[in-house]
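Heavy atoms only: backbone and side chains are in, while hydrogens, waters and symmetry mates are out. Just so we're on the same page: letters track the sequence lines, and every chain starts at 1.
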Number of protein chains: 2
Amino acid sequence: MTTLTEVAKLAGVTAATVSNVLRNRGKVGVATRQRVLEAVDTLGYRPHLTARALAEGSAPTLALMVSSIANPFYPEFALAAERAARQSGRFLIVCNTNEDPAIGRAYLEQIAGTLSEGVLVMNANLDFDDLRKTQARGTAVVLCMWERPDAPPGMPCIAVDFFAAGALAARHLLDLGHKRIGAIIGSQADGVHAARYEGFCATLREAGIAHVPAEARFTRDSIQGGYEAATELLTALPEVTAIFATNDLPALGAMHAAADLGRKVPEDLSVIGITDIQLARESRPALSTVAVPTEAAATMAVRLLRALIDGSAVGALMQVAPAPELVVRASTGSARNRRS
Amino acid sequence: MTTLTEVAKLAGVTAATVSNVLRNRGKVGVATRQRVLEAVDTLGYRPHLTARALAEGSAPTLALMVSSIANPFYPEFALAAERAARQSGRFLIVCNTNEDPAIGRAYLEQIAGTLSEGVLVMNANLDFDDLRKTQARGTAVVLCMWERPDAPPGMPCIAVDFFAAGALAARHLLDLGHKRIGAIIGSQADGVHAARYEGFCATLREAGIAHVPAEARFTRDSIQGGYEAATELLTALPEVTAIFATNDLPALGAMHAAADLGRKVPEDLSVIGITDIQLARESRPALSTVAVPTEAAATMAVRLLRALIDGSAVGALMQVAPAPELVVRASTGSARNRRS
DNA sequence: CTGAAAGCGCTAACAA
DNA sequence: TTGTTAGCGCTTTCAG
């Protein structure tokens, strides 16, 4: 490993000077600068990031806390976050908490403020208390997808209006003439998908459509969860002509359930999800959904984190990401076509 | 931020002693030990990982170079790799190269040996030269899924017998009575999927089945790529009764193509892939495939990397992961059922 | 414009 | 068993 000092020696200057030319601190003579650059080149010198971090008192890494990177939504977010991080010269450490608050806490304790100056929190089932403790120790934290712009969490976050997303989906179904609409919620009633479901319910209510608890199912946020819930729902309530799922994965599962029950999508049943993950485009039929601004949220989150770190932003700021948008594809159709 | 020295002061000892009790170096009196632990506790001290790394001359992070974490296969690998890393007290930095050798090179130059002592390379389109340079600078490198156990790359790697995987898939189709089998290869002819295709071809050859270039299509490793290739293939060669894809994603695309062409799977067309990603279980019909030992490979890769780093392994070692296994699900069926 | 010196927080000999 | 003394490789005042 070549060190700064070695480069300095070769160039006949001192380490400080080399450092200066490398950081473009100006105040270095053009001739010396040239010599230093040559030395760097012939020695193949690369700065030691760890040493630099220690000296600067800051680390070039950001941590992304996520329940499991294997959930199809997260990689898309992670990819965008990593790109944003890289563009500002940082590296991204992924921390899968596996929904286990203990793992999350352990990560936070180890990494925050020492290996990484900032933490991106993506739905990792973390204790708010732990997060606050992390903040208190001087580490920047931003919640990446806060579901309620109307109720700031008292912590820096990027908010995505999931209530609106739910409302958008409901409106689309309503416009298509659906009146009996099943709902599949990919979390507990008070879980992360609550706002979406509320948006859905509110819109139905405004339209004078009754939505009763019997038409809703709470399940896991997965294809399999959606499959099970939809199977149950459609069996119990065959008169349902459309299904609203709070996420694309359960929506996909609902399509499978419909197929197994002999109901064609969209002729016999419309299905809509939320998020617009890659798979939504690639399913058969392609899934209608409400697109959520994943990339924008990731970019904003990284930017906010950086601002928090360098002190150009302070306090509990919330930034609202662009509004969700309806994406009509092939899984939703007019209610009139239903063959019963 | 609390430092070692502050803890030491409070406990009435010196930094070295605190370090010793924290690292369980023994040789610390039980009473002092007690006092130190209390001080650590009241101060809420956490070791500064960057400082420790610099002092130890090694970093607690591993880098994973991958083309894009958004490809559905990689997150599953990354998850396993991260778990293995965490279990040995390391963090995982993900580096998406985006198939761009320049990005890959930049990452390697920056990170290798400074922020991270080891690099896991997962099919990231990296120059071998760059990797060797990285090695030469003293950073451990392991290739995570080398496709040819029979041809070691002269670099530490975990090999997965993809030739056997292709052969297994072919054998399954043959056993089902298929004779006209289309092949969809998710890479260039000389790309990463070559070994799988060779295994397929060899098995057909042994069985006395002719496989001609017209029955093969090279495409991208994605659902969309598989869809396009299969559409073309099935249109040109309708007499094909089965499709072998070198990866699950294109296989899934082939199923979509079949559906759009009015061919039922598996009645009118059998489809098989390789890998056994999560989605294969969740598609309709569920995809028959050849499961590749993702988790095992990840664990082995991390272990090998660690061994390389601590010097208990040297040179160009290749470790072979468990053999791929056929997983029969619903997308493959007997050739006799074909309605033509 | 360049050098000297101090220090980031921790570990690792070596002494005491 | 504990303290002392040096660094790890880099950045950053502050002099010259």
Without decimals, in angstroms, what is the distance between [X] [atom1] and [N] [atom2]?
{"X": "B/L22", "N": "C/dG9", "atom1": "CG", "atom2": "C1'", "result": "13 Å"}
{"X": "B/R33", "N": "D/dT1", "atom1": "CZ", "atom2": "P", "result": "12 Å"}
{"X": "B/L43", "N": "C/dG9", "atom1": "CG", "atom2": "P", "result": "14 Å"}
{"X": "B/L49", "N": "C/dC8", "atom1": "CG", "atom2": "C1'", "result": "15 Å"}
{"X": "A/K9", "N": "C/dG3", "atom1": "NZ", "atom2": "C1'", "result": "15 Å"}
{"X": "A/R23", "N": "D/dT13", "atom1": "CZ", "atom2": "P", "result": "12 Å"}

How long is the gap from [atom1] on [X] to [atom2] on [Y], to the nearest 0.5 Å?
{"X": "B/M122", "Y": "B/I69", "atom1": "CE", "atom2": "CD1", "result": "10.5 Å"}
{"X": "B/C144", "Y": "B/M65", "atom1": "SG", "atom2": "CE", "result": "11.0 Å"}
{"X": "A/T3", "Y": "A/L43", "atom1": "OG1", "atom2": "CG", "result": "8.5 Å"}

D/dC10 OP1/OP2 closer than 4.0 Å to side-chain N/O of A/S19: no

N/O to N/O distances under 3.5 Å, protein versus nucleotides 5-9 of chain D:
residue: D/dC8; atom: O2; partner: B/L54; partner atom: O; Å: 3.4
residue: D/dC8; atom: O2; partner: B/A55; partner atom: N; Å: 3.2
residue: D/dG9; atom: N2; partner: A/A51; partner atom: O; Å: 3.4

Select base, sugar-phosphate, or nothing to describe what [X] touches, counting heavy atoms under 4.0 Å on all strands.
{"X": "B/T32", "value": "sugar-phosphate"}
{"X": "A/R25", "value": "sugar-phosphate"}
{"X": "B/G29", "value": "sugar-phosphate"}

Under 3.5 Å, which donor-acceptor pairs link side chains of residues 85-92 of chain A to any protein atom two or more places apart or in another chain?
residue: A/S88; atom: OG; partner: A/A85; partner atom: O; Å: 3.1
residue: A/S88; atom: OG; partner: A/R306; partner atom: NE; Å: 3.2
residue: A/R90; atom: NE; partner: A/S88; partner atom: O; Å: 3.2

Distance-only criterion, 3.5 Å: show the donor-acceptor pairs between side-chain atoms of residues 294-303 of chain B and protein atoms not counting sequence neighbours.
residue: B/T294; atom: OG1; partner: B/V292; partner atom: O; Å: 3.4
residue: B/T299; atom: OG1; partner: B/E295; partner atom: O; Å: 2.8

Intermediate values then yes/no, salt bridge (charged side-chain N to carboxylate O under 4.0 Å, His left out), B/R23 and B/E56: CA-CA 12 Å; B/R23 323 297 303 299; B/E56 282 182 333; 2.8 Å; yes

